[in-house]
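Lettering of chains follows the sequences in order, A, B, ..., and the numbering in each one begins at 1.
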There are 2 protein chains.
Amino acid sequence: MIKTSDEKYLRAIYHLSEDKNNKVSLSELAYYLDLKPPTVLERVHVLQSEKWITYKKTDGIHLTKTGEKEALNVVRKHRIWETFLHKICKFSWSEVHELAEQLQNVNSEKLIDRIYDLSGTPKFDPHGDPIPDKSGKLPVSERRPLLNSVDGCKCVVLGVNEDSNEFLNYLTDLKIGLNEKLIVEKVFVFDGSMKIKYRNNESVILSPKVAEKIQVTCIKPNCPCKN
Amino acid sequence: MIKTSDEKYLRAIYHLSEDKNNKVSLSELAYYLDLKPPTVLERVHVLQSEKWITYKKTDGIHLTKTGEKEALNVVRKHRIWETFLHKICKFSWSEVHELAEQLQNVNSEKLIDRIYDLSGTPKFDPHGDPIPDKSGKLPVSERRPLLNSVDGCKCVVLGVNEDSNEFLNYLTDLKIGLNEKLIVEKVFVFDGSMKIKYRNNESVILSPKVAEKIQVTCIKPNCPCKN
DNA sequence: TACTAAAATTAGGTATGCCTAACAATTAAT
DNA sequence: ATTAATTGTTAGGCATACCTAATTTTAGTA
Ligand SMILES: [Mn+2]
Ligand SMILES: [Mn+2]
Ligand SMILES: [Mn+2]
Ligand SMILES: [Mn+2]
């Protein structure tokens with residue numbers, strides 16, 4: 001049986017190898033977990049001996065098949081809790097992550113099933129991230145960065161690429177939330193920032209850094225936006 | 001700020017000094033927590049230095065005013081989670097305790113408030129135990145042991161005095177649950193066991209050991225049952 | 001009161017999960 | 001190719017939360 005403290009590592013490794021899909025280095029993992037490299041090295045050796053991961057200095061850290069399955073299970077629990085907290089308990093999308101970190105440790109598949117049902121058997125969490133099914137399969141989504149939009153594109157927010165409170169609160173201030181419809185009025189070729197219209201003709205200019213992290217899908221068919 | 005591991009101790013001490021309202025001994029506490037006395041002694045010293053409890057070998061362990069307040073807060077969290085699990089997540093009353101033990105460690109007053117509201121701001125948990133309010137005040141209940149009933153008494157189940165799965169599953173097998181109406185057909189003076197009628201004229205003979213642990217209140221006013 | 005059983009304490013030990021400081025190896029830059 | 005910076009590794013230590021075995025204290029009983 002896997003331990004809670006292992007799950008933390010597996011989820012971290014999963015995220016790091018997902019984002020930047022190249023090898024995960026020791027120091028990277030240490031930084032992500034807010035721990036020091038010797039600490040992490042120690043645990044990595046253990047995780048390796050338990051066959052959850054492989055590690056070679058040159059090759060970095062990789063999840064094994066079993067490790068990935070376990071990681072996806074933690075991701076599943078995390079995202080189901082986030083969804084439950086948002087939909088049923090009415091927490092904002094910037095509050096759910098931290099709480100879910102605690103709740104995901106609770107050890108009861110039956111409880112996960114129940115809150116999953118209570119939340120309406122969702123496919124995506126409040127940040128738009130896909131919820132793996134029990135076998136670890138991820139639902140596919142059309143999401144692409146808002147940054148790839150062309151002038152005139154009408155699209156809808158499916159999620160975000162970053163969980164940080166600073167970012168989420170910024171969006172909340174702008175009143176940009178999940179399922180918000182956005183019209184890309186103009187893309188400024190200079191730096192890629194874009195003027196967006198939404199709600200009752202509110203409008204805002206988003207920096208490319210922000211636009212890159214907002215995930216959308218076009219509403220009109222055959223929209224010429226890049227993916 | 002109090003630590004999760006301290007809360008476990010405070011709740012245990014609270015229960016032990018509640019049940020048998022005399023002093024709580026070290027070995028008693030150790031047994032309850034399923035730990036060895038030296039382990040517990042160590043922690044007791046710490047808890048004492050942190051002013052949650054007092055301890056003198058002769059006098060046993062006592063919660064301080066602050067300690068009791070903290071203990072009541074854990075009890076509150078525990079019972080709210082139990083209620084939520086039962087009412088909203090449809091867990092049976094024998095399943096909720098163990099899960100609540102895990103969930104009560106989650107650190108968010110806001111979350112407790114939300115699930116409390118979701119559960120319909122209950123005053124009692126699925127075992128009939130009172131849920132303290134935020135200031136630590138307990139709602140009063142009319143509960144008395146079924147054992148104190150006289151022949152012919154009509155009463156309703158308000159709770160139980162024991163959380164063990166063996167006991168709860170026994171009641172579940174008999175289909176005796178919360179709010180079940182019971183008629184005491186006959187009390188056998190020999191040993192105090194009693195014949196009970198309930199539901200569609202089902203009937204059963206309960207041993208005094210069981211009857212003592214079922215908490216009820218009389219339905220008819222001026223019922224001559226003892227309290 | 002003296003003896004015995006139970007409870008409390010002390011001493012010393014283990015596993016886990018974290019750390020710093022010092023050193024080695026690798027990779028990037030001049 | 002040499003140097004500098006980054007990354008990984010080793011060694012040794014600390015705190016927490018447990019344990020057993022041995023001893024002391026207290027309380028119950030004869
Ligand atoms: Mn999250
Ligand atoms: Mn999420
Ligand atoms: Mn309970
Ligand atoms: Mn209860």
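Note: CD (B/Glu50) to C1' (D/dT16) measures 13 Å, nearest angstrom. The separation between B/Lys23 atom NZ and D/dT26 atom P is 11 Å, rounded to whole Å. The separation between B/Leu41 atom CG and D/dT20 atom C1' is 15 Å, rounded to whole Å. Distance CD (B/Glu42) to C1' (C/dG12): 12 Å, rounded to an integer number of Å. Here D/dT16 presents its C1' atom at 16 Å from NE2 of B/His45, a figure rounded to the nearest Å. Protein atom CD1 of A/Ile61 is 14 Å distant from nucleotide atom C1' of D/dT9, rounded to whole Å. Here the C1' atom of nucleotide D/dT16 and the NZ atom of B/Lys8 are 12 Å apart, to the nearest Å. For the pair A/Leu35 CG and C/dG17 C1', the computed distance is 9 Å after rounding to whole Å.
Within the structure, every side-chain polar atom (N or O) of B/Arg43 is placed at least 4.0 Å from both OP1 and OP2 of D/dT16. In this structure, A/Tyr55 does not reach the D/dT7 phosphate: none of its side-chain N or O atoms is under 4.0 Å from OP1 or OP2. Contact between the side-chain N/O atoms of B/Lys57 and the OP1/OP2 oxygens of D/dT26 is found at a separation under 4.0 Å. Distances shorter than 4.0 Å separate some side-chain N or O of B/Ser5 from OP1 or OP2 on D/dA17. Considering only side-chain N and O atoms, B/Thr39 lies nowhere under 4.0 angstrom from the phosphate OP1 or OP2 of D/dA17. Between B/Tyr31 and the phosphate of C/dA8, there is no side-chain N or O to OP1/OP2 separation shorter than 4.0 Å.
Residue A/Thr58 is classed as having no contact, given no heavy-atom separation below 4.0 Å to the nucleic acid. Within 4.0 Å (heavy atoms only), B/Ser27 reaches sugar-phosphate atoms of the nucleic acid but no base atom. A/Lys56 comes within 4.0 angstrom of nothing in the nucleic acid, heavy atoms only.
Between the side chains of A/Glu95 and A/Ser92, at least one donor-acceptor pair of N or O atoms lies under 3.5 Å. A donor-acceptor pair shorter than 3.5 Å cannot be found between the side chains of A/Glu82 and A/His86. A donor-acceptor pair shorter than 3.5 Å cannot be found between the side chains of A/His97 and A/His127. There is a side-chain donor-acceptor pair under 3.5 Å between A/Arg144 and A/Ser149.
Each of A/Lys36 and B/Leu26 was assigned the nucleotide of DNA chain C with the nearest heavy atom; the assignment lying further toward the 5' end belongs to B/Leu26.
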Item checked: Candidate pair B/Ser94 and B/Asn165, rule side-chain hydrogen bond (donor to acceptor under 3.5 Å, both in side chains), full reasoning -> CA-CA 6 Å; B/Ser94 62; B/Asn165 282 3; 5.0 Å; no

